[in-house]
Novice: 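I'd like to ask some things about the structure below.
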Amino acid sequence: MIEPTQILDPVTGPAQLAARLAEPAPGRIQLLIGPRQVGKTTLMLSLARTIGAQALYFAADGPEAALVGSWERLWLGAEQIASSHGKAVVLLDEVQRIEDWASKLKAQWDRIRRLKQPIHVVATGSSALDLGCGSKESLAGRFERLVLPHWAAGAWAQVFGVPIDAAVATIVGWGGYPGTMPLATEPGRRLAYIRDAIIEPAIGRDLLAIHPVRRPALLRQVFALAARAPAQIVSLQKLQGQLQDPGALATIAHYLGLLEDAFLVAGLEKHTGRQVRQRSAPPKLLVLTNAILAALDPRGAPDQVTDPARFGTWVENACLSHAWNAGQQVRYWREEPLEVDGILEGSWGQWAIEVKTGEYGVHDLAGLLEFTTRFPAYRPLVVCDGAGLAIAKRAGIRAMSWREFLATNGPR
């Protein structure tokens with residue numbers, strides 16, 4: 001589950017962040033994280049254009065950052081801008097590329113606060129930035145965490161001017177990385193881009209560089225196995241048995257947590273109705289964007305007619321990851337033989353959802369009905385094809401099409 005101060009929308013994100021920067025300075029550092037290639041740098045450059053002369057953009061992965069004294073010159077420039085324009089906004093892109101970035105940023109922020117300089121700071125980082133203890137220790141109490149998540153169909157349709165149904169189909173079959181749009185007619189290049197520009201750097205560089213991983217080969221194997229089992233409940237013992245390099249269960253669970261913090265794969269917990277976490281329950285594996293499925297499955301995106309089972313799995317994964325990326329707490333429920341695909345809690349409300357992409361009967365909703373009987377605070381919802389709406393209605397359960405679910409910001 002994403003737990004940010006605020007989730008930014010790719011379309012309205014610059015305006016949302018600009019509103020914070022219009023507040024009196026100095027304020028808390030705005031720490032913006034998110035998956036690779038979702039538009040963090042684009043958002044920063046848009047901010048710089050909007051703010052104008054008060055903005056000072058600094059790319060920590062650029063050649064100028066390697067020059068001796070570049071860090072000191074950056075803050076001297078910010079002070080000069082603040083003196084001549086009344087306020088300055090420092091935009092630090094890929095801040096984790098700076099050695100000991102958290103301690104250095106803390107020292108500058110403390111100095112700004114002590115001298116009451118009118119300087120705002122926005123810092124972005126890789127998908128694994130928040131894995132570093134720096135933001136949680138050195139910068140404790142000094143920052144607000146924001147997330148630019150994987151794109152939803154609504155943002156895709158609005159930015160690229162495509163019909164919402166086409167955007168939904170893209171999210172299910174290809175994921176929502178905006179950089180893949182120019183490659184829409186070249187599927188081979190599109191998949192290579194996802195693998196080489198997103199997945200490999202996120203695992204091979206971000207995770208390994210920022211967080212100590214004692215067994216990187218095992219981390220890769222856990223990721224690969226999780227990506228092959230989207231929206232499936234898999235025990236850690238079973239996962240361990242499939243690994244070529246078996247590791248302790250605690251290590252495997254830890255690596256799943258790292259992959260979730262890197263916006264790649266999440267292990268959903270079982271809903272128990274108790275506040276105490278049930279660690280013994282197996283996780284439900286959720287791939288946080290279907291782009292990963294497309295890139296790693298040699299069969300490609302499934303067809304609803306010729307491959308209905310796999311298509312249903314991809315749609316379920318897309319729906320649950322849509323909720324996760326929107327900041328909802330997503331869990332599952334199972335009491336053999338009954339099961340509910342997703343238990344949602346957050347700004348959308350409390351929902352128990354069942355995802356159906358083919359024919360089904362009222363008896364297939366037994367788990368949903370049993371769960372909402374036991375936990376009446378949760379409202380049941382069937383997410384299905386258009387033809388299945390009437391079946392849910394006969395059972396007295398609200399329903400919406402999975403296309404509508406993915407096209408909107410949650411049920412209301």
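The first residue in the sequence is number 1, and the count goes up from there. We use all heavy atoms of the structure for the numbers below, so side chains are in, but hydrogens, waters and symmetry mates are not.
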Novice: From Trp333 CH2 over to Leu368 CG, what is the distance, rounded to the nearest 0.5 angstrom?
Specialist: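 Interatomic distance, Trp333 CH2 to Leu368 CG, rounded to 0.5 Å: 9.5 Å.
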Novice: Under 3.5 Å, is there a donor-acceptor pair between the side chain of Gln30 and the main chain of Arg28?
Specialist: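 Yes, the answer is positive, given that a donor and an acceptor are paired below the 3.5 Å cut-off.
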Novice: Rounded to the nearest 0.5 Å, what separates atom CD1 in Ile112 from atom CZ in Arg142?
Specialist: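 Reported value, rounded in 0.5 Å steps: 12.0 Å.
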Novice: Looking only at heavy atoms, what is the nearest atom pair of Gly39 and Leu148, with distance?
Specialist: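 Looking at all heavy atoms of both residues, the shortest contact is C-CD2, 3.7 Å.
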Novice: I'd like to know if the side chain of Lys40 reaches the main chain of Val147, judged simply by a donor and an acceptor atom lying under 3.5 Å from each other, with no hydrogens or angles considered.
Specialist: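 No; zero donor-acceptor contacts below 3.5 Å.
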Novice: Does Arg195 CZ have over 12 foreign heavy atoms under 6.0 Å away?
Specialist: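 Atom CZ in Arg195 is packed in, count exceeds 12.
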Novice: Are a donor atom and an acceptor atom from the side chains of Glu354 and Tyr360 found within less than 3.5 Å of each other?
Specialist: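 Checked: Glu354/Tyr360 side chains show no N/O donor-acceptor pair below 3.5 Å.
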Novice: Should Glu144 and Arg20 count as side-chain neighbours, where that means a heavy-atom distance under 4.5 Å?
Specialist: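 Result yes, sub-4.5 Å side-chain heavy-atom pair found.
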Novice: I'd like to know if the side chain of Gln117 reaches the main chain of Leu115, judged simply by a donor and an acceptor atom lying under 3.5 Å from each other, with no hydrogens or angles considered.
Specialist: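 Absent.
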Novice: Any side-chain to backbone donor/acceptor pair from Thr313 onto Ala309? Under 3.5 Å, distance only.
Specialist: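 A pair under 3.5 Å: yes.
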Novice: Could you tell me whether Glu64 and Arg73 have a side-chain N and a carboxylate O separated by less than 4.0 Å?
Specialist: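 Salt bridge: no.
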Novice: Can you list everything that forms a salt bridge (charged side-chain N to carboxylate O under 4.0 Å, His left out) with Arg374? Sequence neighbours excluded, please.
Specialist: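 Listed in chain order: Glu370.
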Novice: If you look at every heavy atom in Gln37 and Pro178, which pair is closest and at what distance?
Specialist: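 That closest heavy-atom pairing would be O-CD, 3.3 Å.
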Novice: As a quick check of understanding, evaluate side-chain contact (heavy atoms from CB on, under 4.5 Å) for Lys356 and Ile391, giving each step before the final call.
Specialist: CA-CA 11 Å; Lys356 301 291 185 184; Ile391 297 173; over 6 Å; no
Novice: Check the pair Asn325 / Thr289 against side-chain contact (heavy atoms from CB on, under 4.5 Å), numbers first and verdict last.
Specialist: CA-CA 9 Å; Asn325 284 302; Thr289 171; 5.8 Å; no
Novice: So does Glu23 get a backbone contact from the side chain of His120, meaning a donor-acceptor N/O pair under 3.5 Å?
Specialist: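 It does hold such a pair.
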Novice: Look up atom CZ in Arg97 and atom CG in Leu92, then write down how far apart they are to the nearest 0.5 Å.
Specialist: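 The CZ atom of Arg97 sits 14.0 Å away from the CG atom of Leu92.
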Novice: Taking Trp151 for the side chain and Val38 for the main chain, is one N or O donor matched with an acceptor at less than 3.5 Å?
Specialist: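 Such a contact is found between Trp151 side chain and Val38 backbone.
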Novice: Nearest 0.5 Å please: distance from the CG atom of Leu264 over to the NE2 atom of His150.
Specialist: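 The distance works out to 6.5 Å.
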Novice: Under the side-chain contact (heavy atoms from CB on, under 4.5 Å) criterion, do Leu105 and Ile98 qualify, and how do the steps go?
Specialist: CA-CA 10 Å; Leu105 189 54; Ile98 300 171; over 6 Å; no
Novice: Below 4.5 Å, heavy atoms only, C-beta onward: do Ser321 and Phe263 meet side chain to side chain?
Specialist: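 No, their side chains stay 4.5 Å or more apart.
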Novice: Strictly under 6.0 Å, is that where the ring centroids of His322 and Trp348 end up?
Specialist: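 Yes, the ring centres sit under 6.0 Å apart.
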Novice: Could you list the residues that satisfy side chain to side chain donor-acceptor pair (under 3.5 Å) with Arg220, not counting sequence neighbours?
Specialist: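 Counting only residues at least two positions away or on another chain, Arg220 forms a side chain to side chain donor-acceptor pair (under 3.5 Å) with Glu200.
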Novice: Parallel, tilted or perpendicular, judged at 30° and 60°: which one describes the rings of Trp75 and Trp71?
Specialist: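 The arrangement is perpendicular - the two ring planes meet at more than 60°.
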Novice: Just verifying a value: how many Å separate Tyr177 OH and Asn290 CG, rounded to the nearest 0.5 Å?
Specialist: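 Answer for the OH-CG pair, Tyr177 versus Asn290, is 11.0 Å.
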Novice: Indicate yes or no for a side-chain donor-acceptor contact from Tyr255 to the backbone of Arg215 under 3.5 Å, with no hydrogens or angles considered.
Specialist: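 Looks like yes, one N/O pair under 3.5 Å.
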Novice: Heavy atoms only: give me the nearest Val234-Ala229 pair and the separation to one decimal.
Specialist: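 Shortest heavy-atom separation between Val234 and Ala229 comes out as CG2-CB, 4.2 Å.
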Novice: When you compare the side chain of Val340 with that of Tyr378, does any pair of heavy atoms fall below 4.5 Å?
Specialist: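 The answer is no; the side chains never approach within 4.5 Å.
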Novice: Looking at CG of Leu47 and OG1 of Thr42, how far apart are the two atoms once the value is rounded to the nearest 0.5 Å?
Specialist: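 Leu47 CG to Thr42 OG1: 11.5 Å, rounded to 0.5 Å.
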Novice: Taking all non-hydrogen atoms of both residues, which atom of Gly179 and which atom of Tyr193 are closest, and how far apart?
Specialist: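 For Gly179 versus Tyr193, the nearest heavy atoms are CA-OH, 3.6 Å.
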Novice: So, Gln328 side chain and Ser347 main chain: donor-acceptor pair closer than 3.5 Å or not?
Specialist: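 Yes: the side chain of Gln328 pairs with the backbone of Ser347.
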Novice: Would you call Val383 and Asp341 a side-chain contact if the rule is heavy atoms closer than 4.5 Å?
Specialist: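 A side-chain contact under 4.5 Å is absent here.
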Novice: With a 4.5 Å cut-off on side-chain heavy atoms, are Leu219 and Leu259 touching?
Specialist: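 When only atoms from C-beta onward are counted, Leu219 and Leu259 do touch, with a gap below 4.5 Å.
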Novice: If you define the side chain from C-beta out and look only at heavy atoms, does anything of Val121 sit under 4.5 Å from Gln108?
Specialist: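 A side-chain contact is absent here, since even the closest heavy-atom pair is not under 4.5 Å.
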Novice: Going by distance alone, is a donor N or O of one side chain under 3.5 Å from an acceptor N or O of the other, for Asp385 and Thr357?
Specialist: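 No, no side-chain donor-acceptor contact under 3.5 Å.
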Novice: Can a donor-acceptor pair be found, under 3.5 Å and without considering hydrogens, that links the side chain of Thr12 to the backbone of Ala15?
Specialist: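 No; zero donor-acceptor contacts below 3.5 Å.
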Novice: Under 6.0 Å from the CD atom of Gln158, do we count more than 12 heavy atoms belonging to anything else shown?
Specialist: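 Atom CD in Gln158 is not crowded, with 12 or fewer foreign heavy atoms closer than 6.0 Å.
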Novice: When you look at Ile292 and Ile198, which way does the side-chain contact (heavy atoms from CB on, under 4.5 Å) test go after all the steps?
Specialist: CA-CA 9 Å; Ile292 295 174; Ile198 300 171; over 6 Å; no
Novice: Are the side chains of Val168 and Trp156 in contact, using a 4.5 Å heavy-atom criterion?
Specialist: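 The answer is no, as the side chains (C-beta and beyond) never meet within the 4.5 Å cut-off.
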Novice: Which heavy atom of Arg334 sits nearest a heavy atom of Ile233, and at what distance?
Specialist: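 Smallest heavy-atom distance, with atoms named: NH2-CG2, 3.6 Å.
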Novice: When you compare the side chain of His271 with that of Phe375, does any pair of heavy atoms fall below 4.5 Å?
Specialist: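 Yes, close enough: below the 4.5 Å cut-off.
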Novice: Centre-to-centre under 6.0 Å for Trp402 and Phe311, is that the case here?
Specialist: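 Centroid separation for Trp402 and Phe311: below 6.0 Å.
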Novice: Backbone N or O of Gly27 within a donor-acceptor pair of the Trp109 side chain at under 3.5 Å?
Specialist: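 Such a contact is found between Trp109 side chain and Gly27 backbone.
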Novice: Considering all heavy atoms of both residues, which atom of Ala352 and which atom of Thr372 are nearest to each other, and what is their separation?
Specialist: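 Closest pair (atom of Ala352, atom of Thr372, distance): CB-CG2, 4.1 Å.
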